[in-house]
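Beneath this line is the structure, given in structure tokens, with notes to follow.
Because the structure is predicted, anything quoted here is derived from the model rather than measured.
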Amino acid sequence: MSYLDCAQYDCCHNKAGACCLGSVKVHHTGERDAVCSSYRCNESVGNVATDNAPATAETEVRCDDKGCKYLEGRSCCADHVCIDECGCGPRCATRKTARQSRD
């Protein structure tokens with residue numbers, strides 16, 4: 001489990017920066033990018049965050065980004081995962097390649 005800090009506030013699963021899902025999926029989308037594929041825009045489905053389980057900062061992060069040094073099996077082993085809002089979608093800001101420092 002990782003501490004998840006999400007800045008994608010238009011996601012229907014986001015509640016004050018925490019996620020209502022017990023597990024999120026991060027998908028590798030390019031050489032330097034990975035995005036949260038669990039993201040659902042609240043404009044198309046309404047804000048269902050209050051209908052889901054209570055938001056929690058401790059979340060399992062499932063990932064397929066083989067270029068990230070935090071990947072262990074199919075899960076992220078980073079203690080703290082940040083999802084940032086950007087043009088490519090809800091981007092994983094914690095992603096580090098093997099050449100980058102872990103700190």
Distance in Å, [X] [atom1] paired with [Y] [atom2], rounded so as to fall on 0.5 Å steps:
X     : Y     : atom1 : atom2 : answer
Leu21 : Cys11 : CG    : SG    : 7.0 Å
Glu85 : Asp10 : CD    : CG    : 5.5 Å
Cys63 : Lys25 : SG    : NZ    : 12.0 Å
Asp84 : Thr94 : CG    : OG1   : 8.0 Å
Tyr70 : Asp79 : OH    : CG    : 8.5 Å
Arg62 : Cys76 : CZ    : SG    : 11.5 Å

Using every non-hydrogen atom in the two residues, find where [X] and [Y] come nearest and quote the distance to one decimal.
X     : Y     : value
Pro90 : Tyr39 : CG-CB, 3.4 Å
Ala34 : Thr29 : N-OG1, 4.0 Å
Ser38 : Ser23 : OG-O, 4.4 Å

Under the side-chain contact (heavy atoms from CB on, under 4.5 Å) test, which residues partner Asp64, sequence neighbours left out?
His27, His28, Arg74
A side-chain contact here means heavy atoms from C-beta on lying under 4.5 Å apart; do Thr59 and Ser2 qualify?
no
Please list, chain by chain and in numerical order, all residues satisfying salt bridge (charged side-chain N to carboxylate O under 4.0 Å, His left out) with Asp65, sequence neighbours excluded.
Arg95
Is there a donor-acceptor pair closer than 3.5 Å between any side-chain N or O of Thr97 and the backbone N or O of Gly67?
no
side-chain contact (heavy atoms from CB on, under 4.5 Å) partner of Cys19, chosen from Asp5, Leu4, Val61:
Leu4
